[in-house]
Amino acid sequence: MSVKNSKEPPTTQLHTSPQSPSQFTYQNLHDLNDPATSYLSPLSTIGLVDLNAFFAQVEQIRLGLTDQDPVVCGQWHSLIAVSYAARKYGISRMDTIASAKTKCPNLIIGHAPVYKKGEEYWSYVDGLPNAANHKVSLDMYRRESRKILRVINEKFDLTEKASVDESYIDFGREVFTKLMEYFPELKDVEKDQSLPDIPSELPLGLYWEGEVIKSEQEIADDGEGTEPVIKDWDDVCLVIGSQILLDLRRDIYKELGYTTSAGLARNKLMAKLAGGFKKPDDQTIIRNSSIKAFLKNFELTDITGMGGKLGDSLINQLEVPPQAHTISYIREHFTLEQLKEEIKDDVDLAVKLYHIVRGMYAMELTQRMEVKSMTSTKNFTFDAVANLEDAYGWIKVFSGDLHNRLVDLDNENLELSLTKMETKEKNVIRRPKTLSIGVVFPNRIRQTRQLQIPFYKDLSKMKTIMYENGCVLLREFFEANTNISMVNNNIPCKELYTKDPKKVKVVEMQNMSLTISSIHQPKS
DNA sequence: CAGCACGAA
DNA sequence: GGTTCGTGCTG
Ligand SMILES: Nc1ccn([C@H]2C[C@H](O)[C@@H](COP(=O)(O)OP(=O)(O)OP(=O)(O)O)O2)c(=O)n1
């Protein structure tokens with residue numbers, strides 16, 4: 001269901017196929033109403049909202065274009081996001097700007113904003129900036145991400161920011177409230193009782209929004225266009241959830257102009273898979289009865305956390321045949337005890353896998369991710385940093401970048417302390433304790449050097465501190481970790497550092513970075 | 001705690 | 001490809 005048009009609400013009530021007695025209990029229902037327990041309830045209703053081709057959408061909106069225009073977000077000669085209009089031409093993230101232009105001559109390229117070497121502020125530039133003298137800034141996308149989060153967090157009490165463009169939402173309280181509104185009989189249920197059967201028809205206001213994945217039974221019955229079966233309260237929760245989810249996506253679109261894809265299911269892993277199923281601008285709902293059918297579309301390695309070596313090693317360890325559907329195979333060939341036996345070294349993993357292949361692994365939403373560190377980095381292709389002045393120039397950029405992000409963090413915390421009055425931590429000022437530089441040499445070896453930095457409330461002072469100490473670290477690093485004296489005619493280091501930095505050669509580097517860490521609140 | 005491997009967007 | 005961010009292990 002698109003956020004851009006509204007369909008007439010149905011004029012007939014949804015028919016149900018009540019299961020008698022209901023599988024669910026008073027406790028299941030009331031667990032929904034508490035953010036600490038709702039993810040564990042079988043009635044749990046979790047959404048995942050993902051911005052479509054996020055960076056490309058940011059560029060599209062900035063340039064005043066529509067989602068019909070083939071916009072991409074570029075970074076040097078490559079693409080980091082491709083709008084759905086551009087994907088119609090067969091363009092993907094793997095394309096270069098040149099190959100993309102061949103596929104679509106009218107392609108619109110919004111290059112990510114950049115810092116110039118030696119400067120503290122980013123800006124959008126005309127044409128394509130040169131990677132040797134610039135560093136990409138992601139501030140713009142973080143800023144837009146924050147605006148979207150604001151819309152989400154205004155409406156819901158438990159959300160988890162999963163990345164710059166994805167958030168999980170626990171709809172438990174909103175679903176609970178609606179259930180009580182539509183089904184007052186639920187108020188009469190007593191502790192330790194089962195819930196009553198669902199009514200044979202739902203109230204007129206309740207109907208599905210989005211793509212409801214069919215169960216194996218429904219596929220077998222092959223009811224073309226027949227309504228998805230609603231047989232117990234978990235299905236009703238998802239009907240309600242699908243409406244709440246669409247409302248949210250419409251709010252995001254109305255207020256900020258962004259389209260989203262979303263998934264709705266019993267837990268985060270299923271919601272995530274569902275969110276990727278229909279893109280762009282749509283939502284997909286997985287009822288508990290259709291989990292099995294839905295999982296047929298995916299392999300174990302499609303599940304979050306299983307995409308790398310862990311997923312592969314599990315498939316090897318369990319000797320899943322090469323042609324087999326990994327998820328079904330594991331589900332059908334291993335009991336919980338057998339999995340524990342096969343994965344002896346990690347019982348927790350065995351239990352987790354057992355639930356994952358059944359689509360039943362419940363993960364808690366972790367609300368507040370405290371920022372622990374921030375890194376600003378730059379890769380170099382070919383000897384782009386020739387002398388000390390170049391190196392200082394990048395430290396200038398890094399300290400400017402980190403400064404901008406600390407300003408953002410301050411604003412976010414300020415907002416938090418204003419909106420959530422009950423937050424005890426009134427002192428929201430966070431400052432880093434350590435500053436470190438990292439350098440990667442052409443032989444891939446990475447080395448770091450760090451020091452403690454003083455606390456200042458004033459962020460522009462922090463910026464100066466970061467720049468000056470970054471330069472100190474750099475000098476110490478070159479002296480201790482490289483043969484800087486040798487590449488400069490054996491002039492002693494002390495003397496080198498008194499000379500014009502432009503005249504001081506440095507060893508070749510593949511990457512430089514500046515990191516602040518231990519970002520914490522002051523004691524007093 | 002630092003440094004690294006891993007997983008993700 | 002580049003620029004991030006987070007977790008968990010190991011020393
Ligand atoms: N390897 C990657 C993957 C993503 N991103 C950035 C650019 C994307 O716009 C944003 C979100 O990533 P997604 O994986 O969600 O992909 P998109 O949002 O681009 O597309 P989709 O509509 O498939 O979610 O993160 C990135 O910089 N590098």
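Naming: A, B, ... by sequence-line order, numbering from 1 per chain. If you're wondering where the values come from, they're calculated on a predicted model, not measured in any experiment.
Of the candidate nucleotides C/dT3, C/dT4, C/dG1, C/dT4 has the atom nearest to the side chain of A/Asp401. Picking from B/dG7, C/dT4, C/dG2 the nucleotide with the shortest atom distance to the side chain of A/Leu310 gives B/dG7. Taking only side-chain atoms of A/Thr375, from C-beta outward, the nucleotide of C/dC5, C/dG1, B/dA9 with the closest atom is C/dC5. Taking the side chain of A/Thr304 as heavy atoms from C-beta on, and the options C/dT4, B/dG7, B/dA8, the nearest nucleotide is B/dA8. When distances are taken from the side chain of A/Gln450 to each of C/dT4, C/dG2, B/dA2, the shortest belongs to B/dA2.
B/dA2 atom C1' lies 16 Å from atom CG of A/Leu435, rounded to whole Å. Atoms CG (A/Asp50) and P (B/dA9) sit 8 Å apart, rounded to a whole Å. The distance between atom CG of A/Leu409 and atom C1' of C/dT4, rounded to the nearest whole Å, is 16 Å. At whole-Å resolution of the value, CD in A/Gln510 and C1' in C/dG2 are 12 Å apart. In this structure, A/Lys352 places its NZ atom 13 Å from P of C/dT7, rounding to the nearest Å. Regarding A/Asp346, its CG atom lies at a distance of 12 Å from the C1' atom of C/dG8, rounded to whole Å. Atom pair A/Asn404:CG and C/dT3:P shows a separation of 17 Å (rounding to whole Å applied). Between A/Arg446 atom CZ and B/dC4 atom P there is a gap of 7 Å when expressed in whole angstrom units.
A/Thr326 and A/Glu299 are linked by a side-chain donor-acceptor pair at a separation below 3.5 angstrom, with hydrogens and angles left out of the test. Of the N and O atoms on the side chains of A/Tyr141 and A/Glu59, at least one donor lies less than 3.5 Å from an acceptor on the other residue.
Taking side-chain N and O atoms only, A/Thr448 has a distance below 4.0 Å to OP1 or OP2 of B/dG3. Under 4.0 angstrom from either OP1 or OP2 of C/dC5 there lies at least one side-chain N or O belonging to A/Arg405. Side-chain N/O atoms of A/Arg93 include none lying less than 4.0 angstrom from OP1 or OP2 on C/dG2. A close approach under 4.0 Å does not occur between any side-chain nitrogen or oxygen of A/Gln447 and OP1 or OP2 of B/dG3. Checking the phosphate oxygens (OP1, OP2) of C/dG1, no side-chain nitrogen or oxygen of A/Gln75 falls inside 4.0 Å. Remark: A/Lys272 is in phosphate contact with B/dA9, judged by side-chain N or O atoms under 4.0 Å from OP1 or OP2.
Residues A/Lys155 and A/Asp251 are paired through a salt bridge, judged by an N-O separation under 4.0 Å between the basic side chain and the carboxylate.
Counting any heavy atom pair closer than 4.0 Å across all strands shown, A/Arg142 reaches sugar-phosphate atoms only and no base atom. Note on A/Ser78: a base of the nucleic acid sits closer than 4.0 angstrom, heavy atoms only. As judged by a 4.0 angstrom heavy-atom cut-off over every strand, A/Ile303 is placed among residues touching the sugar-phosphate backbone only.
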Step by step, would you call A/Tyr467 with A/Glu120 a side chain to side chain donor-acceptor pair (under 3.5 Å)? CA-CA 10 Å; A/Tyr467 174 66; A/Glu120 297 176 339; over 6 Å; no
Do any side-chain atoms of residues 87-94 of chain A form donor-acceptor pairs under 3.5 angstrom with protein atoms, and if so which ones, sequence neighbours left out?
residue: A/Arg87; atom: NE; partner: A/Val82; partner atom: O; Å: 2.9
residue: A/Arg87; atom: NH1; partner: A/Tyr84; partner atom: OH; Å: 3.0
residue: A/Arg87; atom: NH2; partner: A/Val82; partner atom: O; Å: 3.1
residue: A/Ser92; atom: OG; partner: A/Met94; partner atom: N; Å: 3.2
residue: A/Arg93; atom: NE; partner: A/Ile80; partner atom: O; Å: 2.9
residue: A/Arg93; atom: NH2; partner: A/Ile80; partner atom: O; Å: 3.4

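Side-chain atoms of A/Lys378 come within 3.5 Å of backbone atoms of A/Ala131 as a donor-acceptor pair (strictly under, hydrogens ignored).
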